[in-house]
Structures are given as structure tokens and as C-alpha cells.
Amino acid sequence: MIDQVLTNSGQNDKTTYKTDAAKEKPLRSVVKSISWRLIGTLDTILISWLITGQLKLAFSIGSIELVTKMVLYFFHERIWNRIKWGK
């Protein structure tokens, strides 16, 4: 059941670019970018701490990485949402 939800394998109808693009609102991309960046930033902080041994430096690296990659991810998502290939 969960595989059908994740892959939409239970749906036989094809979506068009227009209907699919309308389903992916910019706010959804923002929320996805925030949730993913939280996970990624925790990983970056942990790795930075293990390498440097300095927690303050690790948090500095993680905070810079949080902002820059969240912005990059948002625009990456919006660009891919316009591409018809693979839909």
C-alpha cells in the first residue's frame, strides 16, 4: 500500500504538464526545502564537528550552508517543475 502512495502506481491516468505544475505550488517547494535542509544541515554540523572538533565552528558552517542550499534547492525545484521530461 505504501509503495502505491509513494509511486502513484495505483493511478492509471496520466497527468499533463499543466495539471501537474498546478499541483506543485511554490509554498510546497518552500516547505520541502526547509524540511530537507534541516536534515542536511544537521548532517553538515555533525560532519564539521567530527572533522574540526569545534562545535562553534561546526554550527557556523551549518548555518551558512542552511541558507545557501535552501535557496538553491527552491530554485532547483521550480526549474524542474517547468521541465516536461519524465512526467
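It should be emphasised that the depicted structure is a prediction, and the values quoted were computed from it without experimental measurement.
Not counting sequence neighbours, the partners of W80 by the side chain to side chain donor-acceptor pair (under 3.5 Å) test are H76. With sequence neighbours excluded, no residue forms a side chain to side chain donor-acceptor pair (under 3.5 Å) with S48. Remark: E65 engages R37, K69 in a salt bridge (charged side-chain N to carboxylate O under 4.0 Å, His left out) (not counting sequence neighbours).
Nearest heavy atoms, A58 versus W49: CB-N, 3.5 Å.
The CZ atom of F59 sits 11.5 Å away from the CG atom of L66 when rounded to the nearest 0.5 Å. Atom CD1 of I45 and atom CG of L50 lie 12.0 Å apart (nearest 0.5 Å). Atom CD1 of I47 is separated from atom CG of L42 by 11.0 Å, given to the nearest 0.5 angstrom. Interatomic distance, CZ of F74 versus NZ of K32, reported as 11.5 Å (0.5 Å rounding). We find the CG-OG1 distance between L46 and T41 to be 12.5 Å, quoted to the nearest 0.5 Å.
Contact of the I61 side chain with the T44 side chain is registered, since non-hydrogen atoms from C-beta on lie closer than 4.5 Å. Side-chain atoms of I34 and L38, non-hydrogen and from C-beta on, do get closer than 4.5 Å to each other.
Hydrophobic clustering places F75 together with M70 (ILVMFWY residues linked when any side-chain heavy atoms are closer than 4.5 Å, directly or through intermediates).
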